[in-house]
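All remarks here apply to the structure that follows.
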Protein chains: 2
Amino acid sequence: MTLDERKQKVLLAIIKDYISTAEPVGSRTISKKYELGVSPATIRNEMSDLEELGYIEQPHTSAGRIPSDLGYRYYVDCLMKKKVLSNEEAESVIKGVRSKARDVGTVLQQTNKIISNITNYTSMVTGPQFRKSNLRHCQLVPLDNGKVLVVVVTDNGLIQNRLMDVPQTITDLDLQKISQVVNAKLQGLTLEDIKLTLIKEIYFELSKHKNIFDAAMDLIQETLNLNQQDKIYLSGTLNILNQPEFRDIGRVKTLLSLLEQDKVLKEILSDKVNLENGINVTIGGENKLEGLKDCSTVTATYQIDGKIVGSVGIIGPTRMDYEKAVSIMDFMTQYLSQMMKDFYGR
Amino acid sequence: MTLDERKQKVLLAIIKDYISTAEPVGSRTISKKYELGVSPATIRNEMSDLEELGYIEQPHTSAGRIPSDLGYRYYVDCLMKKKVLSNEEAESVIKGVRSKARDVGTVLQQTNKIISNITNYTSMVTGPQFRKSNLRHCQLVPLDNGKVLVVVVTDNGLIQNRLMDVPQTITDLDLQKISQVVNAKLQGLTLEDIKLTLIKEIYFELSKHKNIFDAAMDLIQETLNLNQQDKIYLSGTLNILNQPEFRDIGRVKTLLSLLEQDKVLKEILSDKVNLENGINVTIGGENKLEGLKDCSTVTATYQIDGKIVGSVGIIGPTRMDYEKAVSIMDFMTQYLSQMMKDFYGR
DNA sequence: GTTAGCACTCCAATCAGTCGAGTGCTAATT
DNA sequence: AATTAGCACTCGACTGATTGGAGTGCTAAC
């Protein structure tokens with residue numbers, strides 16, 4: 001559905017004004033603040049039409065209009081201009097991340113923080129997820145007192161370890177041998193591969209040290225699995241308390257409870273991950289979750305070697321500054337892709 | 001200061017009633033609900049006295065009375081009976097933790113969760129802190145592509161690791177040798193010991209592999225340091241939203257912002273850690289932090305081999321159910337001490 | 001020392017009245 | 001045919017007055 005030019009202008013004015021003031025906007029305001037060169041009465045007629053078409057609504061008679069979900073949708077899809085971050089802003093972002101960029105975790109966390117600070121909404125990031133990670137190395141490190149440290153490393157750099165007891169009868173040499181066998185047989189394989197065939201083979205070879213081997217396998221499995229349900233970083237949760245639409249404690253509670261659940265965050269981030277462009281906006285009632293009906297989310301993905309490996313998201317009120325949100329997401333995901341290349345790329 | 005028996009009863013009644021209803025309590029209520037055998041008028045006189053003494057106060061004329069900080073203090077110190085957890089409750093706690101008790105972190109987290117669930121307040125726990133930890137083991141694990149994994153284990157079970165690049169010219173054997181030397185020289189030592197003397201000695205021995213050794217030392221240092229500024233687990237932050245005294249968004253924000261800062265939590269937990277008994281109650285204005293003036297905290301410590309190594313804390317409104325809070329803290333710290341013995345004790 | 005009785009205070013809730021912002025309609029204007 | 005001025009109308013937000021109830025403090029009687 002396409003609107004004539006003046007209607008577009010009116011809708012745009014309403015949305016912009018409402019986004020910045022959070023108050024219903026009336027015909028007089030528009031004709032004064034935005035230069036359309038027509039009288040309030042004309043605007044009123046246009047508004048009446050726009051309301052009929054479903055793009056705006058009235059909280060009650062004798063109040064101004066506010067955009068409906070559909071109105072926002074039209075705005076995001078057709079009216080909004082893509083803004084690019086100013087050089088200054090970009091600089092400060094880059095500096096903010098670089099200064100602390102030791103490992104992937106910190107970079108993600110830092111990026112996240114910056115997003116929530118700039119936007120004043122809540123933001124979240126998932127770490128790089130690889131479809132299947134391979135076992136890179138497994139090592140049994142003997143400590144004193146019959147304790148053994150099991151270390152598992154995957155090819156995407158995840159490291160997990162666990163302390164375990166072993167009978168004193170097992171020597172360092174035994175451990176070395178186990179390590180060797182495990183590595184020789186399983187290195188480079190995915191979890192599925194490992195599960196499918198090879199275990200029996202090793203069992204045979206290592207039958208003497210069955211329980212140690214079991215423990216090691218346990219950790220390997222856990223580690224290789226862990227990637228898929230990776231950590232989600234969250235930042236700026238309390239920012240929603242600044243939004244006038246969340247002056248009600250009940251709402252705050254509902255939303256904060258949702259944000260506490262990783263499952264929910266994951267759902268938000270992975271919802272429409274397959275879209276071509278990358279940046280995706282979900283407005284108000286478009287959200288599947290009941291508790292997000294008054295919120296909008298902006299999600300995007302970042303890449304390594306052209307493959308999508310993680311996502312970034314913002315949650316704010318439906319009355320969100322979409323222009324800003326989108327432009328920041330755009331910049332940040334590009335930047336993240338860049339940074340990730342340094343860590344993982346070939 | 002000691003009060004006559006009837007005044008005590010009246011004060012107790014006011015506090016109990018106020019804790020459970022959050023409404024100022026009047027003389028009539030007391031004479032009806034609590035069996036003191038006297039008329040409202042008499043109660044009024046007593047209340048007037050109690051107010052003069054500073055134990056209760058009136059929000060405004062013609063309202064009932066509410067306990068003052070001093071009143072709560074008297075209650076906690078003199079009037080409150082120590083309750084012991086019922087067998088049922090204790091059972092369910094134990095079950096709740098046991099079922100997931102794989103490592104120390106999970107136990108602490110689980111304990112924490114249970115505390116906040118039972119009390120409906122916010123709770124926090126610090127992990128075991130040892131004054132100085134010793135290096136137990138350091139291992140360089142060669143991976144492919146010239147990557148090396150450095151693993152450091154301390155005697156209290158903390159494990160850290162880091163991936164690093166080394167020139168291809170270094171062989172597995174070199175690495176083994178470095179590991180050996182480092183372990184031989186540094187095992188069992190604290191950070192101070194290591195810093196002071198031995199480094200030069202090793203430098204000499206390993207002069208060929210200076211940069212690898214440097215990296216390893218870096219991680220060792222970091223790991224041995226890490227204990228002191230250990231992780232703090234937090235649970236049930238949103239519970240405060242259930243409290244009527246936090247119906248105001250501004251307050252919620254202040255408090256939640258405080259709880260986001262580890263520094264603040266640490267301060268709360270370590271404030272009076274040296275008291276004999278272990279369980280410590282800080283009421284309203286007794287808190288040093290301005291933002292906690294309307295809150296009370298209950299903190300306690302747990303032990304390993306008789307030494308205090310960590311603390312547990314609850315934060316709630318001043319109108320807190322101190323009896324419940326204290327009894328749960330009592331049980332939980334004992335239980336934690338018990339559990340820790342399994343992990344670390346001799 | 002205790003209590004009944006009563007005047008008094010103050011909050012909370014309710015209601016009427018007013019104001020102003022904003023609309024929708026109509027008729028006049030361009 | 002589109003635009004606009006004018007006007008009646010609606011409705012929420014605010015104001016102020018009124019009322020009811022909970023609770024106190026004081027006094028005098030028991």
Side-chain angles (χ1 to χ4, degrees), chain A residues 3-11 13-18 20-68 71 244-245 247-248 319, chain B residues 3-11 13-18 20-68 71 244-245 247-248 319:
Chain A
L3 298 173
D4 75 60
E5 205 186 315
R6 196 169 64 192
K7 281 199 178 42
Q8 285 193 2
K9 277 188 181 164
V10 172
L11 180 55
I14 293 176
I15 292 182
K16 280 197 169 172
D17 206 77
Y18 186 65
S20 71
T21 65
E23 295 289 335
V25 332
S27 53
R28 230 173 96 80
T29 317
I30 291 182
S31 114
K32 258 200 296 188
K33 277 215 280 190
Y34 303 82
E35 295 156 354
L36 298 190
V38 287
S39 79
T42 313
I43 307 270
R44 277 207 285 286
N45 289 329
E46 298 287 22
M47 284 166 95
S48 185
D49 290 351
L50 283 171
E51 181 161 16
E52 211 168 307
L53 292 170
Y55 293 112
I56 55 179
E57 46 200 31
Q58 238 178 334
H60 54 84
T61 357
S62 93
R65 306 301 215 290
I66 62 177
S68 67
E245 30 268 276
R247 232 174 290 138
D248 175 54
R319 183 186 60 78
Chain B
L3 297 174
D4 73 58
E5 204 185 314
R6 197 169 61 192
K7 280 198 179 42
Q8 285 193 0
K9 276 188 183 164
V10 172
L11 180 56
I14 292 176
I15 292 182
K16 280 197 169 173
D17 206 77
Y18 186 64
S20 69
T21 66
E23 296 289 333
V25 330
S27 52
R28 231 175 95 80
T29 316
I30 293 183
S31 114
K32 257 202 295 187
K33 275 216 280 191
Y34 302 84
E35 295 157 356
L36 299 190
V38 288
S39 79
T42 313
I43 307 270
R44 276 207 287 284
N45 291 329
E46 298 287 22
M47 283 165 96
S48 185
D49 291 350
L50 283 171
E51 181 161 17
E52 210 169 307
L53 293 169
Y55 292 112
I56 56 179
E57 45 200 31
Q58 237 178 335
H60 55 82
T61 359
S62 93
R65 306 302 214 290
I66 62 175
S68 67
E245 30 269 275
R247 232 175 291 139
D248 175 55
R319 182 187 61 79

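Computed from a predicted model, the values in this text were never measured in an experiment. Throughout, protein chains are lettered first and strands after them, A, B, ... in sequence-line order, and every chain is numbered starting at 1.
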Quiz prompt | Nearest heavy-atom neighbours spanning B:Ala63 and B:Gln58 | solution = O-NE2, 3.2 Å
Quiz item: If only side-chain N and O atoms of A:Thr42 are considered, is one of them under 4.0 Å from the OP1 or OP2 phosphate oxygen of D:dT4?
Solution: yes
Self-check item: Which nucleotide in D:dT24, C:dG24, C:dA4 has an atom nearest any side-chain atom of B:Ala41
Solution: C:dA4
Quiz item: What are the two closest non-hydrogen atoms of B:Met47 and B:Gly26, and how far apart are they?
Solution: CE-C, 4.3 Å
Quiz item: Within less than 4.0 Å of OP1 or OP2 of C:dT23, is there a side-chain N or O belonging to A:Ser27?
Solution: yes
Quiz item: Is any side-chain N or O of B:Ser39 closer than 4.0 Å to OP1 or OP2 of C:dT2?
Solution: no
Quiz item: Whole Å only: how far is the CD atom of B:Glu46 from the C1' atom of D:dT24?
Solution: 15 Å
Practice problem: Report yes if a side-chain nitrogen or oxygen of B:Arg6 is closer than 4.0 Å to either non-bridging phosphate oxygen (OP1 or OP2) of C:dT2; otherwise report no. | Solution: yes
Self-check item: Minimum-distance nucleotide (side-chain atoms of A:Arg44 versus D:dG25, C:dG24, D:dA5)
Solution: C:dG24
Self-check item: Candidates C:dC10, C:dT3, D:dC26 - which lies nearest the side chain of B:Val38
Solution: C:dT3
Quiz prompt | Value in whole Å for how far the P atom of C:dG24 lies from CG of A:Leu50 | solution = 12 Å
Quiz item: Under 4.0 Å between a side-chain N/O of B:Arg65 and OP1 or OP2 of D:dG25, yes or no?
Solution: yes
Quiz item: Does the B:Ser68 side chain pair with the main chain of B:Gly54, one donor and one acceptor, at a distance under 3.5 Å?
Solution: yes
Quiz item: Over how many whole Å does the gap from A:Lys7 atom NZ to D:dT3 atom P extend?
Solution: 9 Å
Quiz prompt | Integer-rounded Å distance: D:dG21 C1' and B:Arg28 CZ | solution = 11 Å
Practice problem: Provide, to the nearest angstrom, the distance between the CE atom belonging to A:Met47 and the P atom belonging to C:dC25. | Solution: 14 Å
Exercise. Return the 5'-most residue of the pair B:Gly37, A:Asn45 with respect to DNA chain C, ranking by each residue's nearest nucleotide.
Key: B:Gly37
Exercise. Please state how far atom CD in A:Gln58 lies from atom C1' in C:dG22, giving the value in whole angstrom units.
Key: 8 Å
Quiz prompt | Nearest listed nucleotide, side chain of A:His60, among D:dT4, D:dC11, C:dC10 | solution = D:dC11
Quiz item: What's the spacing between A:Arg6 CZ and A:Leu50 CG if we round to 0.5 Å?
Solution: 10.5 Å
Quiz item: Rounded to whole angstrom units, what separation is found between the CG atom of B:Asp49 and the C1' atom of D:dG25?
Solution: 13 Å
Quiz item: What's the spacing between B:Glu46 CD and B:Ile56 CD1 if we round to 0.5 Å?
Solution: 10.0 Å
Quiz item: Within this structure, what is the CD-to-C1' distance between B:Glu57 and D:dT24, rounded to whole angstrom?
Solution: 16 Å
